[in-house]
K.L.:
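Attaching a single structure in C-alpha cells format; questions to follow.
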Amino acid sequence: MKEAVDQSTDPGIERLCKKRERFIAAPTSDGIERIEARFYGNMFSPHRHDTYALGITMQGVQTFNYRGEFRASNPGNVIILHPDEIHDGGAGTEDGLQYRMLYLEPALLRGGLDHESDPLPFVGEPVINDRVLWSVLASVLGELDCDVDPMLRDQFVADIAQRLSLHGKSPLKQPRFNAAARMDQVRAFLEDNFDRPVQSDELEQIADMDRYRLIRHFRARFGTTPYRYLMMRRLQKARALMVLGQPLAGIAAETGFSDQSHFNRHFRQTYGVTPGRWAGLIAKRAH
C-alpha cells in the first residue's frame, strides 16, 4: 500500500488519479506517515514495507491477502499490518473504497513499550474491532492537512503500544506507583505554560523519566494525558476570555493554539459547538 503512493508532489497536496479516485499524503512527521486512499478495483499488487501499517476503513470493503489468507475490513474496523509482511490491496465491492492509513516506524513504537528489550508486539489477526484503538488512530488521521502536535504524537504512540500489546497477548503493566510528586510538578508546569507550545523533552526533565513512562504515570494520577490536560487548560482560558467579550480572532493566539482553525476544531470536539456559537449563547444569556 505505502510503496504505491507516489510522493513526487509536495506533501499534503491532493492528487487526482482518475475520476473520483485520489490519494492524499499528509505533511511528514518524524517516524510516521499518513495517507488517505479512495479508489475502485484492485489497486495494489503484492508488496511489503518496513513499518507498521495501521488503518481505519471509512467507506466500502477493504480487501487484501495477508499471511496466506484473504481478508476483508468494513467501516469501523482497524487494520494492523506488520513490518516486512507481504500484502496486496483493493476494493471489495463496485462501490469503491476509502480508508486512511498510518505508517509507524518500529523504532518509534518501541519507545512506547515498558522496556527497550521488550519484543515488538505482534497481532495475529490483521482486522480487529477495537473502538479505543480506532479512536486513537482517528485522532491523528482525522486532519491530514495539519501537522501532528509533538505531544499528541507521543500520546498516541504510547496508546498504540498499549493496544497492540494487549491484542498481542503481552499487555503493558500498569505503573506500580504513580510518582505523585513528580506528576504534580508536571501538571503545575503545564498550567504555567499552557499558552505556548510545550515539548515532551521539557516534561521529561521535570519528571526525570522518559516521555512514554511519564504519560502512563500522569494518566494513572490524573485520569488523562499531559497533551489532553494542556488542551483543556487552553480551552478553559478561552472560555473565560469569551465571557469577558474578547474577540474570537485574538483568543486562539492568546491561549496557545497554532491558528484559528486549530482552536475551532478543538473547541468543537470538546464542547460540541463552534466558538462562535458558544460566544453567541453567552451574549444572549447576558442580555
Side-chain angles (χ1 to χ4, degrees), residues 1-9 11-26 28 31-106 109 120-145 156 159-161 163-169:
M1 295 179 182
K2 177 180 167 187
E3 290 77 4
V5 177
D6 179 10
Q7 304 255 357
S8 60
T9 57
I13 300 298
E14 181 175 315
R15 289 163 285 126
L16 297 176
C17 300
K18 55 185 177 179
K19 187 177 180 181
R20 299 181 65 191
E21 294 189 332
R22 70 180 186 184
F23 291 97
I24 299 174
T28 58
I32 67 170
E33 293 182 36
R34 298 170 294 155
I35 69 161
E36 176 184 317
R38 181 183 298 173
F39 56 79
Y40 297 82
N42 295 320
M43 177 63 68
F44 300 106
S45 60
H47 62 280
R48 68 179 78 191
H49 39 76
D50 61 356
T51 65
Y52 281 84
L54 309 172
I56 53 178
T57 305
M58 302 172 68
Q59 294 181 15
V61 180
Q62 189 168 356
T63 59
F64 57 100
N65 289 282
Y66 178 81
R67 295 180 66 81
E69 294 185 33
F70 177 78
R71 318 282 183 162
S73 174
N74 296 309
N77 285 337
V78 173
I79 291 178
I80 303 171
L81 305 179
H82 291 269
D84 207 33
E85 293 284 354
I86 295 177
H87 58 279
D88 55 13
T93 69
E94 294 182 356
D95 294 331
L97 169 66
Q98 181 182 7
Y99 68 92
R100 291 188 174 185
M101 213 77 177
L102 169 74
Y103 298 98
L104 179 64
E105 291 185 4
L109 178 64
L120 288 167
F122 183 86
V123 181
E125 178 54 55
V127 180
I128 63 174
N129 188 346
D130 183 335
R131 299 304 301 172
V132 174
L133 181 55
W134 194 99
S135 296
V136 171
L137 292 172
S139 70
V140 293
L141 292 173
E143 299 288 342
L144 294 184
D145 57 340
F156 80 70
D159 288 339
I160 287 174
R163 299 309 296 181
L164 293 187
S165 294
L166 177 64
H167 287 286
K169 311 305 181 185

K.L.:
Got a second to check how far Leu97's CG is from Gln62's CD, nearest 0.5 Å?
P.N.:
5.0 Å
K.L.:
If you count heavy atoms of other groups shown closer than 6.0 angstrom to CD of Glu94, is the number above 12?
P.N.:
no
K.L.:
Run the side-chain hydrogen bond (donor to acceptor under 3.5 Å, both in side chains) test against Arg71 and tell me which residues pass, sequence neighbours left out.
P.N.:
none
K.L.:
With heavy-atom distances below 4.5 Å as the criterion, would you say the side chains of Asn65 and Ile86 are in contact?
P.N.:
no
K.L.:
Do Phe23 and Glu36 come close enough that some side-chain heavy atom pair is under 4.5 Å?
P.N.:
no
K.L.:
Going through the checks in order, is the side-chain contact (heavy atoms from CB on, under 4.5 Å) test met by Ile32 and Leu104?
P.N.:
CA-CA 5 Å; Ile32 67 170; Leu104 179 64; 3.6 Å; yes
K.L.:
Once you round to the nearest 0.5 Å, how far does CZ of Arg67 lie from NE2 of His87?
P.N.:
13.0 Å
K.L.:
Any chance you could lay out the side-chain contact (heavy atoms from CB on, under 4.5 Å) test for Leu109 and Leu164, step after step, and finish with the verdict?
P.N.:
CA-CA 10 Å; Leu109 178 64; Leu164 293 187; 4.0 Å; yes
K.L.:
Look up atom CZ in Arg100 and atom OG1 in Thr57, then write down how far apart they are to the nearest 0.5 Å.
P.N.:
12.5 Å
K.L.:
With heavy-atom distances below 4.5 Å as the criterion, would you say the side chains of Gln98 and Arg22 are in contact?
P.N.:
yes
K.L.:
For Pro121, does its backbone N or O pair with a side-chain atom of Ser165 as donor and acceptor, under 3.5 Å?
P.N.:
no
K.L.:
Looking only at non-hydrogen atoms, find the nearest pair between Gly92 and Thr63 and report the distance.
P.N.:
CA-CG2, 3.5 Å
K.L.:
Would you please name every residue forming a side-chain hydrogen bond (donor to acceptor under 3.5 Å, both in side chains) with Asp159, sequence neighbours left out?
P.N.:
Arg219
K.L.:
Would a 4.5 Å heavy-atom cut-off, applied to side chains only, mark Arg163 and Trp134 as touching?
P.N.:
no
K.L.:
Under the side-chain contact (heavy atoms from CB on, under 4.5 Å) rule, what do Tyr103 and Ile35 come out as? Steps first, then yes or no, please.
P.N.:
CA-CA 9 Å; Tyr103 298 98; Ile35 69 161; 3.8 Å; yes
K.L.:
Any chance you could measure Tyr52, atom OH, to Met101, atom CE, to the nearest 0.5 Å?
P.N.:
13.5 Å
K.L.:
If I compare all heavy atoms of Gly60 with all of Pro75, which pair ends up nearest, and what's the gap?
P.N.:
O-CD, 3.2 Å
K.L.:
Going from OH on Tyr40 to CG on Asp95, what distance comes out if it is rounded to the nearest 0.5 angstrom?
P.N.:
7.5 Å
K.L.:
Looking at Asp88 and Phe64, what are the two nearest heavy atoms and their distance?
P.N.:
O-CB, 3.1 Å
K.L.:
Can you tell me how far OG of Ser135 sits from CD1 of Ile56, rounded to the nearest 0.5 angstrom?
P.N.:
9.0 Å
K.L.:
Measure across Ala26 and Leu144 and return the closest heavy-atom pair with its distance rounded to 0.1 Å.
P.N.:
CB-O, 3.1 Å
K.L.:
Taking the side chain as every heavy atom from C-beta outward, state whether Ile128 and Ile80 have any pair of such atoms under 4.5 Å apart.
P.N.:
yes
K.L.:
Is any side-chain heavy atom of Val78 less than 4.5 Å from a side-chain heavy atom of Leu54?
P.N.:
no
K.L.:
Flag the pair Ile79 / Tyr99 as yes when at least one side-chain heavy-atom distance between them is below 4.5 Å, and no otherwise.
P.N.:
no
K.L.:
Minimum heavy-atom separation for Ala72 and Val61, please, with both atom names.
P.N.:
CB-CG1, 4.1 Å
K.L.:
Any side-chain heavy-atom pair from Leu137 and Ile160 closer than 4.5 angstrom?
P.N.:
yes
